[in-house]
Asker: 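Next up is a structure, given as structure tokens.
All ligand and atom numbering here is 1-based and tracks the order in the structure.
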Amino acid sequence: MSEKTAIVAKLAVIGAGLIGSSVVRAARHYGAAENIALADADEDVLARAQALSLADTYSVSAAQAVADADLIILAVPVGAMASAATAAAPGMKAGAIVSDVGSVKSSVLKTVGPLLPEAVNFIPGHPVAGTEQSGPEAGFASLFDGRWCILTPPEGIDPKVLETLSAFWSRLGSTVDIMTADHHDLVLAITSHVPHLIAYNIVGTANDLETVTRSEVIKYSAGGFRDFTRIAASDPTMWRDVFLNNKEAVLEMLGRFNEDLTALQRAIRWGDGDALFELFTRTREIRRRIIDAGQDEAAVDFGRPHDE
Ligand code: NAP
């Protein structure tokens, strides 16, 4: 537990899954909030979170959890943000900061904003950190350490409110970046959403093959396929909602992807080794830059151990 002064007196997190439970764990570990309330609409999930002693109070009622909270974070799938906001809104106090952790920002800004009381301050957010796991047991306090947290404040937000929310995420170990919701969705479409779609697609294709057996696919998976299966094991609800809510940006990036794939197909067909070699050299350089930037380790990270 940190000796620093808490950023907020009361934090309420709605959604006790991987991200919500990690926010709660990190807030407690780094002393970011004096009091923490955790809510989840699912009684079983809430009981599991309670068994882990993650928060100070637990409730299936979002309105009850957010009473007196200075900071409220919605940590539910993007498609459930509106219902979570509707359930929590009657309990919100004037002046509270409301944020979220959804992987898509424009749709959250448009759907959640109008559902909140006028007297609260709404700043959507996205910690760019996660794993392919779900549920309260999957969370850990160091999830946000050294990771980016993107905040997408609407125009006219009070700078002090933005400062408090930024300080909260910094205390959890993140580096905060600020951009518009639309820009966030475009950037994340190429760095996260399209890569997940490719992983879902290649694993699906391998599973449907008739000339290579499923047992051979599993047996020889080390040849690159295994990395895709980790990504393709990500939560189906979360990712369905990401694609339904970031449609335009994903389709735009997929268009570019398909053009580049066609060029590669042509290079293979015509034996253009130079084109292949040039691309593979450039992509290797990008991997090196990601490691240098501290966004991944050179070591294989299957079964990543996580310190609490
Ligand atoms: P998760 O582990 O599945 O947790 C979501 C939790 O929210 C579940 O316990 C779910 O209960 C609960 N829930 C659903 N609807 C609710 C509602 N209306 N009110 C209260 N609780 C509700 O998912 P997660 O990975 O933590 O993802 C949460 C959010 O973080 C998503 O918006 C996602 O886009 C974002 N995010 C995820 C990652 C990642 O790597 N996973 C990274 C960054 C951001 P049920 O299971 O019973 O539905």
Asker: Do me a favour and list the nearest non-hydrogen protein atom to atom 36 (N) of ligand 1 with residue, atom name and distance?
Answerer: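 Looking only at protein heavy atoms, the one closest to atom 36 (N) of ligand 1 is Ser103 OG, 3.4 Å.
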Asker: Is there a heavy atom of Ala62 sitting under 4.0 angstrom from any atom of ligand 1?
Answerer: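 No; Ala62 lies far enough from ligand 1 that no heavy-atom distance drops under 4.0 Å.
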Asker: Might you check, step by step, whether the distance between atom 15 (N) of ligand 1 and some protein heavy atom is under 4.0 Å?
Answerer: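 Looking at atom 15 (N) of ligand 1, one finds that a protein heavy atom does lie closer than 4.0 Å.
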Asker: Among all protein heavy atoms, pick the one closest to atom 4 (O) of ligand 1 and tell me residue, atom and distance.
Answerer: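 Checked against all protein heavy atoms, atom 4 (O) of ligand 1 sits closest to Gly17 CA, 3.1 Å.
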Asker: For atom 20 (C) of ligand 1, what's the nearest protein heavy-atom neighbour? Residue, atom name and distance, please.
Answerer: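 The closest heavy atom on the protein side is Ala41 N, 3.3 Å.
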Asker: Going through the checks in order, is the side chain to side chain contact (heavy atoms under 4.5 Å, CB included) test met by Gln295 and Arg289?
Answerer: CA-CA 9 Å; Gln295 291 302 301; Arg289 279 164 50 195; over 6 Å; no
Asker: Could you tell me the residue and atom name of the protein heavy atom closest to atom 22 (C) of ligand 1, and the distance to it rounded to 0.1 Å?
Answerer: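 Going atom by atom, the protein heavy atom closest to atom 22 (C) of ligand 1 ends up being Val76 CG1, 3.4 Å.
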Asker: Could an N or O of ligand 1 be found under 3.5 Å from any N or O of His126, whether backbone or side chain?
Answerer: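 No - when backbone and side-chain N and O of His126 are compared with those of ligand 1, no distance drops under 3.5 Å.
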Asker: Between Arg25 and Ser21, do the side chains contain an N or O donor and an N or O acceptor separated by less than 3.5 Å?
Answerer: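 Short answer, yes.
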Asker: Would you check whether Met238 has a nitrogen or oxygen atom less than 3.5 angstrom from a nitrogen or oxygen atom of ligand 1?
Answerer: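 No; the residue has no nitrogen or oxygen that sits under 3.5 Å from a nitrogen or oxygen of the ligand.
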Asker: Can you tell me if Glu132 contacts ligand 1 (heavy atom of the residue under 4.0 Å from the ligand)?
Answerer: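 Judged by the 4.0 Å heavy-atom criterion, Glu132 does not count as contacting ligand 1.
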Asker: State whether the shortest distance between N or O atoms of Ile19 and N or O atoms of ligand 1 falls below 3.5 angstrom.
Answerer: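 Checking ligand 1 against Ile19, an N or O pair does fall under 3.5 Å apart.
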Asker: Distance alone, cut at 3.5 Å: any donor-acceptor contact between the side chains of Glu216 and Thr213?
Answerer: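 Present: a donor and an acceptor within the cut-off.
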Asker: Looking at atom 11 (O) of ligand 1, would you say a protein heavy atom lies below 4.0 Å from it?
Answerer: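 It does: a protein heavy atom is found less than 4.0 Å away from atom 11 (O) of ligand 1.
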Asker: Output the distance between atom CH2 (Trp148) and atom OG1 (Thr175), rounded to the nearest 0.5 Å.
Answerer: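 Separation between the atoms: 5.0 Å.
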Asker: Could you check whether Lys105 pairs with Asp100 (Lys NZ or Arg NE/NH1/NH2 to Asp/Glu carboxylate O, under 4.0 Å)?
Answerer: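 Counted as a salt bridge, because a side-chain N and a carboxylate O are separated by less than 4.0 Å.
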Asker: Would you please determine whether Ser21 falls within less than 4.0 Å of ligand 1 on a heavy-atom basis?
Answerer: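 The answer is no, since Ser21 has no heavy atom less than 4.0 Å from ligand 1.
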Asker: Side chain or backbone, does Gln133 bring an N or O within less than 3.5 Å of an N or O on ligand 1?
Answerer: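 By distance alone, the answer is no.
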Asker: Look only at interatomic distance and state if Ser134 has a nitrogen or oxygen under 3.5 Å from any nitrogen or oxygen of ligand 1.
Answerer: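 In fact, backbone or side chain, Ser134 has no N or O that close.
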Asker: State plainly whether the residues Arg256 and Glu252 are in salt-bridge range, i.e. N to O under 4.0 Å.
Answerer: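 No, this pair does not count.
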Asker: Give the numbers and elements of all ligand 1 atoms closer than 4.0 Å to a heavy atom of Val45.
Answerer: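 So the answer, numbered in order with elements, is 9 (O).
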Asker: When only distance counts, is Pro127 in polar contact with ligand 1, meaning an N/O pair under 3.5 Å?
Answerer: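 Checking ligand 1 against Pro127, no N or O pair falls under 3.5 Å apart.
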